[in-house]
Amino acid sequence: MKWKLTRRFLGSVVTIVVIVGLVNTILLFCLLFVRFDTEEESVENFSRSFSQYVELQNDKPFVNEVGLEKLQEMKAWVQFLNNKGEQVAAFNIPKNLKTKYSPIEIVQMYKYKEIDSETTVFVGEAHDFSYFVGVKDRGIGRYVLSYNYVQIFKYINILLLLFLIVDIIIALVIGFLFGKRLTTPLNTLIEGIQQLRERRFKKMLIPKGVYEDVFSNMNELSVKLDQYEKERDQLDQMREEWISNVSHDMKTPLASIHGYAELMKDSSTDLTPQELYEYTSIINRQSKYMKDLLDDLNLTMRLRNQQLPLQFEDVNIVGFIREMTIELLNDSSFGDRQVEFEANVDKAMHKVDKKLLKRAIFNFIYNALVHNDENVVVNIRIDNINLQGGQEQKSSNISTASVFHTQITIADNGRGIPSKDLEQVFERYYRGTNTTSTHGTGLGMAIARDIILAHNGKIDLTSVENKGTTITILL
């Protein structure tokens, strides 16, 4: 995989170099064959068109006033020759300039700088006379080249090929170095993804550069997946423990039912009415426990899958929970326990399923009473809060403003819940580690939480060991 990425990167670099080389070659040829209007070209055009300023007088050439002004502007001189190469007229010529030229000397004069290093000579013709125009300017020059087209194109092809090969080699070297630097983090990233696929959650070193954010996100993903994997393993372990506990809870009543049923069958004539009543009561109690267990299983599954139709009706939460508190205190099992009720609002109307909400709140209260000492104090308080203002408000009817919510608080001063168990309290398979009671299905808190959520409510639990537990319900 890493070589595949490197090859693709190198291929891209080489392709770019080849395209740039071709474009540069085309531009080079265009520059060679396009004629620019340079100063030398303008001076040569002036020299060749100088004949327009030349007139004849007594069969001899002379320069008119306009031509003389042009010569002065160009800092130039002019020399006229007849057919024999002899001077017939001149203007502002140097002192050492010849007055008679052979044909070869005329060619030499035009082709090369025969006057001095600062003067460039141009040739023209006017009225059957030849003339030299000399321009004294270091910025103007002429270079004569002799070349063979075949050889030139041959050398150009070789040179272009050489440049192309060198460019490709340079591109390969640079592309390899940069490609290795760019693709190495990608290879590490691919290996990290493969590790995640194999459920090996290992943090990677974060390189500096463009991949820094990618590696940071990968490490965060690895941490999250590792956490989810541990939670899943813990949930599986809790599920296995829960199945084992439920199996044990089912076997115990089944054994009692089976044993007493066999006893009644084998000794039906020898049993007294009192014994028969006792045995049937045990069978009835154990079968009821099994039914409650199965009902809890069915209820929690339906709540989680939102398949349980709720029977909503308008209920005054204050009166509803007050009646529940009275019912609890009238129970012989809890009649002598300390349960306090406090309402800071007169009326709080909500559409709720009375049966399910009663079960949820009773479950929280029962847990506070059953899993603590007999002298525990349980406080039940109802408040009306304003979520926008964030401060508690008192009102006679919370339906007058949608921002008002009813808050139900169930607090105790008991032994509390260990911090390591707080996150699992509402799990379906959880039984507290700080209680010696093994009776129960482990579904009570999960069912209560799901009932509150089914009412579009919120629930929060805080606890400190040896100080107590507080459950807050927001409707």
Side-chain angles (χ1 to χ4, degrees), residues 288-331 333-334 339 341-370 378-387 395-412 425-430 440-461 469-475:
K288 184 177 182 300
Y289 171 76
M290 293 178 63
K291 179 181 180 298
D292 292 340
L293 177 60
L294 294 175
D295 288 342
D296 283 353
L297 288 172
N298 180 56
L299 179 60
T300 185
M301 294 303 298
R302 296 181 68 183
L303 284 171
R304 283 295 172 93
N305 296 323
Q306 298 181 352
Q307 295 179 349
L308 181 66
L310 276 66
Q311 305 298 323
F312 288 109
E313 55 183 298
D314 290 326
V315 175
N316 179 13
I317 297 299
V318 177
F320 179 63
I321 297 181
R322 181 183 289 112
E323 292 175 1
M324 290 177 56
T325 307
I326 295 172
E327 179 182 346
L328 178 69
L329 293 175
N330 288 332
D331 188 339
S333 301
F334 304 104
V339 179
F341 176 79
E342 177 184 358
N344 296 321
V345 56
D346 298 330
K347 188 178 183 181
M349 299 301 297
H350 288 273
K351 287 186 176 296
V352 298
D353 187 309
K354 292 179 64 176
K355 180 179 179 181
L356 290 179
L357 186 61
K358 181 177 181 180
R359 173 167 183 173
I361 295 177
F362 261 147
N363 183 275
F364 295 138
I365 299 174
Y366 284 150
N367 280 339
L369 294 173
V370 172
V378 179
N379 179 267
I380 305 169
R381 188 175 74 252
I382 302 176
D383 299 294
N384 188 23
I385 64 171
N386 185 343
L387 292 184
S395 173
S396 59
N397 189 345
I398 66 170
S399 63
T400 58
S402 59
V403 296
F404 290 156
H405 289 68
T406 301
Q407 179 175 283
I408 305 168
T409 305
I410 302 172
D412 66 71
V425 168
F426 292 111
E427 294 297 333
R428 285 186 292 173
Y429 314 120
Y430 172 78
T441 63
L443 296 172
M445 291 292 285
I447 290 174
R449 187 271 309 271
D450 291 341
I451 290 173
I452 300 301
L453 296 180
H455 285 79
N456 294 323
K458 295 181 180 180
I459 185 170
D460 181 63
L461 184 146
T469 301
T470 300
I471 294 175
T472 303
I473 302 169
L474 195 65
L475 296 177

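Remember, predicted model here, so these are calculated numbers, not experimental data. By convention here, the first residue in the shown sequence is residue 1. Atoms considered below: every heavy atom in the structure, side chains included; atoms not considered: hydrogens, waters and symmetry mates.
Taking each heavy atom of F312 and A454 in turn, the nearest pair found is CZ-O, 4.4 Å. Taking both residues in full, the closest heavy atoms of K347 and N316 are given as CA-OD1, 3.6 Å, listed atom of the first, atom of the second, then distance. Taking every heavy atom of both residues into account, R381 and N344 meet most closely at CD-ND2, 3.7 Å. For the residue pair I317 and I382, the shortest heavy atom distance occurs at O-CD1, 4.0 Å.
The side-chain hydrogen bond (donor to acceptor under 3.5 Å, both in side chains) search around D460 returns none, not counting sequence neighbours. Residues satisfying the salt bridge (charged side-chain N to carboxylate O under 4.0 Å, His left out) criterion with R322, sequence neighbours excluded, are absent altogether. Here D353 pairs with nothing under the side-chain hydrogen bond (donor to acceptor under 3.5 Å, both in side chains) rule; sequence neighbours left out. For F320, the ring-ring contact (aromatic ring centres under 6.0 Å, His included) test picks out no residue, with sequence neighbours left out. Listed by chain and residue number, K358 satisfy the salt bridge (charged side-chain N to carboxylate O under 4.0 Å, His left out) test with E327 (two or more places apart in sequence, or in another chain). Legend: residues meeting side-chain hydrogen bond (donor to acceptor under 3.5 Å, both in side chains) with K354, ordered by chain and number and at least two apart, are absent.
Here CG of L474 is found 5.5 Å from NE2 of H405. Values are rounded to the nearest 0.5 Å. To the nearest 0.5 angstrom, K355 atom NZ is 10.5 Å from I451 atom CD1. Atom CG of L357 is separated from atom CD1 of I452 by 5.5 Å, given to the nearest 0.5 angstrom. Going from atom OH of Y366 over to atom CZ of R359 covers 11.5 Å, rounded to the nearest 0.5 Å. Between the CD1 atom in I380 and the CD1 atom in I410 there is a gap of 6.0 Å [rounded to 0.5 Å].
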Practice task
Tell me, with the steps shown, if I361 and I321 meet side-chain contact (heavy atoms from CB on, under 4.5 Å).
Solution key: CA-CA 8 Å; I361 295 177; I321 297 181; 3.9 Å; yes
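Between L328 and L369, the closest side-chain pair of non-hydrogen atoms falls below 4.5 Å. H455 has its side chain within reach of L310: a pair of non-hydrogen atoms, C-beta onward, lies under 4.5 Å apart. Inter-residue side-chain proximity for I408 and F364 is flagged as unmet; no heavy-atom pair is nearer than 4.5 Å. You'll find the side chain of L461 reaches within 4.5 Å of the side chain of M445, heavy atoms only.
Applying the side chain to side chain contact (heavy atoms under 4.5 Å, CB included) test between V345 and each of I385, T406, D383, V318 identifies V318 as the sole match.
Between the side chain of N330 and the main chain of I326, a donor-acceptor pair closer than 3.5 Å is present.
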